[in-house]
There are 2 protein chains.
Amino acid sequence: MNDNRQMTMKDIARELGVSVATVSRALSDSPSISRKRRQEIQQFAREHNYFPNVIAEQLRHSRRNPSRAIGVIVPELVHYYFSSILDGIESEASSRGYHLIVAKSNESYEREVQICEEMLKNKVCGIIVSQAKDTERYDHFERLEAAGVPLVFYDRICPALNASRVVVDDYMGTMNAVSHLIDTGCKRIAFFGTTMSMIIGKNRFNGYRDALYKHGLTLDESLVRICDNRADAERITPAMMRMETPPDAFFAVNDDTAIGILSVVKRLGYTVPDEVSICGFTNGFRATVCDPMLTTVEQRGTEVGKEAADILIGLVEGTLPAVHAEKRIVKTRLVIRGTTRHP
Amino acid sequence: MNDNRQMTMKDIARELGVSVATVSRALSDSPSISRKRRQEIQQFAREHNYFPNVIAEQLRHSRRNPSRAIGVIVPELVHYYFSSILDGIESEASSRGYHLIVAKSNESYEREVQICEEMLKNKVCGIIVSQAKDTERYDHFERLEAAGVPLVFYDRICPALNASRVVVDDYMGTMNAVSHLIDTGCKRIAFFGTTMSMIIGKNRFNGYRDALYKHGLTLDESLVRICDNRADAERITPAMMRMETPPDAFFAVNDDTAIGILSVVKRLGYTVPDEVSICGFTNGFRATVCDPMLTTVEQRGTEVGKEAADILIGLVEGTLPAVHAEKRIVKTRLVIRGTTRHP
DNA sequence: ACCGATTACGCAAACGATTGCATTTATTTA
DNA sequence: TAAATAAATGCAATCGTTTGCGTAATCGGT
């Protein structure tokens with residue numbers, strides 16, 4: 001049995017023969033308590049290492065002050081981009097006096113709902129979330145808003161809700177990357193992306209298409225595939241390279257896919273980047289490990305996380321109006337390495 | 001201004017003309033309230049989506065029940081191994097009804113102390129921690145123990161404290177890996193490790209040394225270096241390959257270092273694994289990206305995290321005696337890929 | 001030495017929920 | 001029908017802090 005008994009103000013008051021109110025005031029350095037008493041009480045507290053009970057404090061203030069706990073929902077944790085975002089959220093939050101309650105949805109709608117309930121119970125002051133892949137109903141999010149808990153989305157945005165959000169500039173990121181491929185002499189550029197039902201999928205595709213148009217190239221549907229992981233890439237790429245006129249470049253929606261392409265292309269005997277150029281999207285751990293190193297669009301997860309936390313805290317503290325949904329776009333940066341030619 | 005006013009039992013009581021006590025009992029389905037009233041109250045609560053205030057609940061029960069928040073301190077977040085561990089902790093904790101408060105120490109002692117204070121204030125029921133690299137005083141940890149908050153270490157263990165811990169089997173992991181190198185014909189095996197002041201550094205070195213001895217090889221000090229990152233590896237490896245009799249294999253303390261070695265060795269024109277074999281430690285994202293893919297010791301971070309959470313929850317719930325420090329060792333697994341020959 | 005103004009402190013009611021005990025009301029028994 | 005028993009509800013204290021308001025103590029001024 002833990003004798004978990006912590007020292008309380010009541011104990012101090014009893015020991016020193018004063019009232020609890022006096023102790024409270026003395027500890028908060030209120031001038032309405034004489035300097036002598038204040039110091040006496042403060043010293044006693046220090047010596048007996050008194051620790052204020054945050055639970056009680058919070059209860060007392062629940063009407064006015066929100067808690068300083070931010071709920072963060074992540075689809076997965078072992079994931080470069082999500083880790084970076086979490087890192088950014090942590091940095092921003094902790095430097096502004098907030099702490100994080102982190103939960104992983106495992107890409108499951110059920111779990112996401114459950115987490116929202118839990119967090120509501122635990123009185124987070126707001127929630128930062130990237131939806132699970134199989135989330136298609138949004139009542140759990142709406143319930144949060146109804147309960148007055150502000151919501152900020154990142155990466156995977158809820159299209160049906162006009163909530164605050166921060167995303168990466170998928171359109172321009174892709175546009176720049178594809179333009180770079182074209183500038184370095186590529187003419188037939190394949191696009192491996194996600195389904196158009198995901199916003200990021202659509203935006204990246206549009207960037208690809210518009211880059212082609214801008215440079216007077218035409219879009220060849222047979223070069224566009226839904227493929228967002230390495231295994232699929234390794235399955236799909238060989239067929240594509242057997243086309244009568246195979247692509248001379250690939251743009252992939254993430255580094256993992258790009259690396260799948262790279263490994264196949266190398267195995268088939270093509271030289272990278274001279275015969276085939278490849279560009280990814282993320283700039284994670286993998287990008288500098290493959291040979292040659294991957295040219296890729298840096299997704300700047302840390303920035304995304306910081307912006308998300310900044311919005312949420314603004315919402316909580318009232319510096320940002322709760323009515324208007326704040327939408328921020330983090331600029332990407334093209335990192336040119338060995339899988340593309342230099343301009 | 002948020003009218004953050006949530007519905008309380010008092011509201012329900014007033015609306016329905018009963019006492020708060022009745023509402024409380026009805027909501028907890030106590031048989032001492034008539035079935036009719038119970039249902040009436042429960043329905044009213046549901047319709048007005050009443051939500052119990054956990055803060056108040058906790059305050060009331062603070063004497064008996066610990067909170068269900070587990071504090072997790074991580075040196076960094078954008079890190080494969082730590083992410084995996086966090087993932088394991090999350091899975092175990094959430095499945096047992098606990099949630100996580102996560103903070104990053106950034107490898108700073110100051111910050112670590114600060115986080116401990118914060119977590120103590122926020123009434124976590126226990127803390128799972130891997131020390132910051134520059135932590136050399138342990139009074140903040142001792143203060144936690146004194147406050148009755150159980151502590152579990154993972155990965156970077158505090159040597160001065162006899163606290164519960166879970167680590168990976170560094171000794172056997174390295175021993176097996178080096179044995180594998182020897183079995184596949186390597187005779188001069190270099191060791192790139194961390195300083196011996198870190199426990200994991202020492203254990204891995206011992207595994208290396210004993211594997212050599214067991215197979216009748218002698219330890220050549222000139223093949224042992226302190227090097228635990230890619231940049232250093234790329235600096236150190238060329239010199240080593242210029243020795244009169246250069247190594248025919250490298251064991252590196254992590255994948256990152258191993259990949260640094262690999263890139264240098266390939267650049268110098270050696271074939272891997274035939275002329276030079278390489279083995280890492282982690283089995284993270286990078287391991288399957290390099291060419292050839294990396295043979296490495298799988299560190300099983302998820303397991304480590306699960307075990308850590310299991311210990312902590314045991315300590316909190318009293319299934320594990322608080323007096324005895326529980327020490328668990330997670331077995332590693334050698335993953336043989338392309339940077340070593342097959343047996 | 002007395003009065004008004006400070007100064008220093010205590011009382012008690014919150015915050016929202018729980019729970020032992022007392023009390024009311026309904027039901028059974030003699 | 002009265003008394004005894006059982007069922008249903010209310011009262012009030014409690015968890016640890018905070019804070020408006022009241023009051024006792026101290027002080028300066030005349």
Side-chain angles (χ1 to χ4, degrees), chain A residues 2-42 44-45 48-68 120-123 147-148, chain B residues 2-42 44-45 48-68 120-123 147-148:
Chain A
N2 277 347
D3 186 12
N4 231 340
R5 190 87 178 67
Q6 279 273 55
M7 159 140 312
T8 74
M9 289 196 172
K10 201 187 290 186
D11 300 325
I12 302 184
R14 190 172 3 82
E15 280 327 292
L16 262 46
V18 296
S19 78
V20 186
T22 302
V23 175
S24 170
R25 292 192 175 93
L27 291 179
S28 64
D29 231 21
S30 154
S32 72
I33 302 296
S34 67
R35 177 171 304 280
K36 210 178 103 203
R37 265 225 192 295
R38 249 187 289 167
Q39 295 185 337
E40 173 194 20
I41 292 175
Q42 287 174 7
F44 185 94
H48 295 70
N49 50 66
Y50 161 80
F51 227 77
N53 184 321
V54 193
I55 305 292
E57 260 171 357
Q58 279 193 151
L59 176 57
R60 184 81 233 287
H61 291 140
S62 51
R63 276 286 162 72
R64 260 155 308 151
N65 300 342
S67 91
R68 300 188 79 80
L120 200 51
K121 272 183 33 181
N122 285 303
K123 291 269 178 288
Chain B
N2 277 348
D3 187 13
N4 231 339
R5 190 86 177 68
Q6 279 272 56
M7 161 141 312
T8 75
M9 289 197 170
K10 200 187 290 188
D11 300 326
I12 301 184
R14 190 174 1 84
E15 285 319 298
L16 263 46
V18 295
S19 77
V20 186
T22 303
V23 175
S24 170
R25 283 191 258 259
L27 290 180
S28 64
D29 231 20
S30 154
S32 72
I33 302 296
S34 68
R35 177 170 304 279
K36 209 180 103 203
R37 265 224 190 298
R38 249 187 289 167
Q39 294 185 338
E40 172 194 20
I41 292 175
Q42 287 174 7
F44 185 92
H48 294 72
N49 51 64
Y50 161 81
F51 226 78
N53 184 323
V54 194
I55 305 291
E57 260 171 356
Q58 278 193 152
L59 176 58
R60 183 84 230 289
H61 291 138
S62 51
R63 275 288 162 71
R64 262 155 308 150
N65 300 343
S67 90
R68 300 188 79 81
L120 200 51
K121 273 183 29 183
N122 286 302
K123 292 270 179 285

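Residue numbering restarts at 1 for every chain, and letters A, B, ... go by the order of the sequence lines.
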Would you mind telling me which of [options] lies closest to the side-chain atoms of [X]?
X: A:Thr22; options: D:dG16, D:dT9, C:dC9; answer: C:dC9
X: B:Asn53; options: C:dG16, C:dG10, D:dC15; answer: C:dG16
X: A:Ser34; options: C:dT18, C:dC9, D:dT19; answer: C:dC9
X: B:Arg60; options: D:dG10, C:dT19, D:dT17; answer: C:dT19
X: B:Thr8; options: C:dC15, D:dT17, C:dA17; answer: C:dA17

Taking [atom1] from [X] and [atom2] from [N], how many angstroms apart are they, rounded to a whole number?
X: A:Arg14; N: C:dG10; atom1: CZ; atom2: C1'; result: 17 Å
X: A:Ile33; N: D:dT17; atom1: CD1; atom2: C1'; result: 15 Å
X: A:Arg37; N: C:dT7; atom1: CZ; atom2: P; result: 18 Å
X: B:Lys123; N: D:dG16; atom1: NZ; atom2: C1'; result: 10 Å
X: A:Leu27; N: D:dT19; atom1: CG; atom2: C1'; result: 15 Å
X: A:Met9; N: C:dC9; atom1: CE; atom2: C1'; result: 15 Å
X: A:Tyr50; N: D:dT17; atom1: OH; atom2: P; result: 3 Å
X: A:Lys10; N: C:dA12; atom1: NZ; atom2: C1'; result: 14 Å

Compare side-chain N and O positions of [X] against OP1 and OP2 of [N] and report whether any pair is under 4.0 Å apart.
X: B:Lys36; N: D:dA8; answer: no
X: A:Ser24; N: D:dT18; answer: yes
X: B:Ser19; N: D:dT9; answer: no
X: B:His61; N: D:dT14; answer: no

Within the modelled atom types, does a donor on one side and an acceptor on the other bring the side chain of A:Arg25 and the base of D:dG20 under 3.5 Å apart?
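Pair found.
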Remember a base hit wins even if backbone is also touched, and classify B:Val23 as base, sugar-phosphate or nothing at under 4.0 Å, heavy atoms.
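Result for B:Val23 = nothing.
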So, B:Glu57 and B:Arg60, do they make that salt bridge, N to O below 4.0 Å?
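B:Arg60 and B:Glu57: not salt-bridged.
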How close do A:Ser32 and A:Arg25 get, heavy atom to heavy atom, and via which atoms?
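Where A:Ser32 meets A:Arg25 most closely, the heavy atoms are OG-CD, 3.6 Å.
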So which atom in A:Tyr50 and which in A:Met7 form the shortest heavy-atom distance, rounded to 0.1 Å?
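Where A:Tyr50 meets A:Met7 most closely, the heavy atoms are CD1-O, 3.4 Å.
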Strictly distance-based, threshold 3.5 Å: is any side-chain N or O of A:Gln58 a donor or acceptor partner for the main-chain N or O of B:Ile55?
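Looks like no, no N/O pair under 3.5 Å.
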Can you check whether B:Asn53 reaches A:Lys121 side chain to side chain, under 4.5 Å on heavy atoms?
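B:Asn53 vs A:Lys121: side chains apart.
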If you assign each of B:Val18 and B:Leu59 to its closest nucleotide in DNA chain D, which residue comes earlier from the 5' end?
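Per heavy-atom nearest nucleotide, the more 5' residue is B:Val18.
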